[in-house]
Q: 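Got a structure here, written out as structure tokens. Questions coming.
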Amino acid sequence: ANLQPKHLRSLTDPHRVETPFADLFSAETSFGGDAFRRKRDAAERRPAEKRRSGKETSGKETAEKRQRKRAQRKRAYTPHRPWFLGSVPDKHHRGALQIVDQYGGWNTTGVAGDPLNDGILHIGWQDGMRGKTYNAASELSRKAGAGRPVIAIAIDGGGLACEWERWHLENPKNLLSTCEWKGEKEQHIRSKFPDLKFKRCKNLRDMRSFLERGLPLNECE
């Protein structure tokens, strides 16, 4: 009888068939051979491909988001209430007009050197301003329809000229007289339009904020 232990007996068995080491990792096994190498290589490539595709997708999405944001900024804003810019100091004039264009407003303001004030009007700038303010209030009120508010916006600051422009937009109830301004005869324009409201803004940022919040009437006079 063979008294050798089983783990040694297999090594001395004359009938034992040597199995090449490479055959242990044949293609049929799940852990060796070409199949194993293909799976291993595929597994190694997959994270890298995911990272690359993720970066490409992320970069593409970021670019698309930037394009959408630019398009949204350029797209004309349609307010649910008609409004116009009725007064602005000269130093804020250019910036205010950009906001008017961006948010679909109407402009009645000008500066001392513009063609209307400098060449067309022969009597004075006030007549031009009266005509523009009256026309804006009249046209926007007509388009809005009876009973629907139209908002006039003014930015604080400037001198007596800006003060005179804002006076025409103030609530008649807050005025001592609607036929006189600082001792001179003057017909108050807003008094002709009962649905006209007035929003006084501190600066351009305040104006933009008011428009982005939907022109709330509770902030108007």
Side-chain angles (χ1 to χ4, degrees), residues 77 79 81-144 148-221:
Y77 173 86
R81 293 191 180 97
W83 67 277
F84 67 91
L85 178 66
S87 178
V88 59
D90 287 358
K91 65 179 181 180
H92 295 312
H93 189 254
R94 186 185 297 273
L97 292 188
Q98 292 176 352
I99 297 176
V100 169
D101 294 339
Q102 183 178 355
Y103 291 91
W106 190 300
N107 175 57
T108 67
T109 65
V111 293
D114 65 24
L116 178 64
N117 291 316
D118 193 39
I120 296 176
L121 296 174
H122 298 288
I123 299 176
W125 66 272
Q126 288 177 312
D127 273 344
M129 197 63 197
R130 292 184 189 102
K132 289 190 293 182
T133 302
Y134 183 92
N135 181 66
S138 176
E139 281 297 294
L140 292 179
S141 296
R142 180 183 63 82
K143 290 182 178 182
R148 292 191 60 192
V150 173
I151 299 175
I153 297 177
I155 298 177
D156 282 341
L160 284 176
C162 290
E163 186 179 342
W164 177 85
E165 291 169 348
R166 291 192 293 267
W167 177 83
H168 276 287
L169 304 175
E170 290 183 9
N171 191 330
K173 296 179 180 179
N174 299 332
L175 301 177
L176 296 175
S177 173
T178 58
C179 300
E180 183 179 298
W181 184 77
K182 292 188 179 297
E184 297 182 2
K185 186 178 180 181
E186 185 72 32
Q187 184 61 49
H188 187 245
I189 293 176
R190 180 177 169 180
S191 299
K192 305 293 183 182
F193 303 97
D195 297 322
L196 188 61
K197 307 296 181 182
F198 177 43
K199 168 60 178 177
R200 187 190 300 268
C201 298
K202 297 178 182 178
N203 47 45
L204 296 179
R205 182 181 297 179
D206 188 22
M207 176 182 173
R208 187 185 295 275
S209 173
F210 175 71
L211 294 170
E212 289 179 347
R213 288 182 286 106
L215 297 89
L217 291 177
N218 61 341
E219 297 182 17
C220 299
E221 301 176 11

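All values derive from a computational prediction rather than experimental measurement.
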Q: Tell me the ring-ring contact (aromatic ring centres under 6.0 Å, His included) pairs involving residues 188-214, sequence neighbours left out?
A: Tyr134-Phe193, Trp167-His188

Q: Would a distance-only check, ignoring hydrogens and angles, find a side-chain to backbone donor-acceptor pair under 3.5 Å from Arg81 to Ile151?
A: no

Q: Between atom SG of Cys220 and atom CG of Leu169, what is the distance when rounded to the nearest 0.5 Å?
A: 11.5 Å

Q: Please round to the nearest 0.5 Å and tell me the distance separating atom CG of Leu85 and atom CG of Asp101.
A: 10.5 Å

Q: Hey, could you give me each pair passing side-chain hydrogen bond (donor to acceptor under 3.5 Å, both in side chains) that has a residue in residues 171-182? Not counting sequence neighbours.
A: Glu163-Lys182

Q: Listed by chain and number, what are the salt bridge (Lys or Arg N to Asp or Glu O under 4.0 Å) partners of Lys197, not counting sequence neighbours?
A: none

Q: To the nearest 0.5 Å, tell me how far Leu196 CG sits from Trp83 CH2.
A: 13.5 Å

Q: Sequence neighbours left out, what passes side chain to side chain contact (heavy atoms under 4.5 Å, CB included) with Asn135? Give chain and number order.
A: Trp106, Glu139

Q: For residues Cys162 and Arg166, determine if any side-chain heavy atom of one lies less than 4.5 Å from a side-chain heavy atom of the other.
A: yes

Q: To check you understand the geometry: which heavy-atom pair defines the closest contact between Ala136 and Phe84, and what is its length?
A: CB-CG, 4.0 Å

Q: Identify every side-chain donor-acceptor pair in residues 87-95 under 3.5 Å, counting partners at least two apart or on other chains, and give the distances.
A:
residue: Ser87; atom: OG; partner: Glu165; partner atom: OE1; Å: 2.8
residue: His93; atom: NE2; partner: Thr109; partner atom: OG1; Å: 3.2

Q: Should Arg205 and Ile99 count as side-chain neighbours, where that means a heavy-atom distance under 4.5 Å?
A: no

Q: What residues, two or more places apart in sequence or in another chain, satisfy side chain to side chain donor-acceptor pair (under 3.5 Å) together with Asp156?
A: Arg200

Q: List in chain and number order the residues that pass side chain to side chain donor-acceptor pair (under 3.5 Å) with Glu186, two or more places apart in sequence or in another chain; answer none if no residue qualifies.
A: Arg130, His168

Q: If we only count heavy atoms from C-beta on, is the Cys201 to Ile153 side-chain gap below 4.5 Å?
A: yes

Q: Looking at residues at least two apart in the chain, or sitting in another chain, which of them share a side chain to side chain donor-acceptor pair (under 3.5 Å) with Ser138?
A: none

Q: What residues form a side chain to side chain contact (heavy atoms under 4.5 Å, CB included) with Ala144, not counting sequence neighbours?
A: Pro82, Arg148, Val150

Q: Just verifying a value: how many Å separate Arg190 CZ and Thr133 OG1, rounded to the nearest 0.5 Å?
A: 13.0 Å

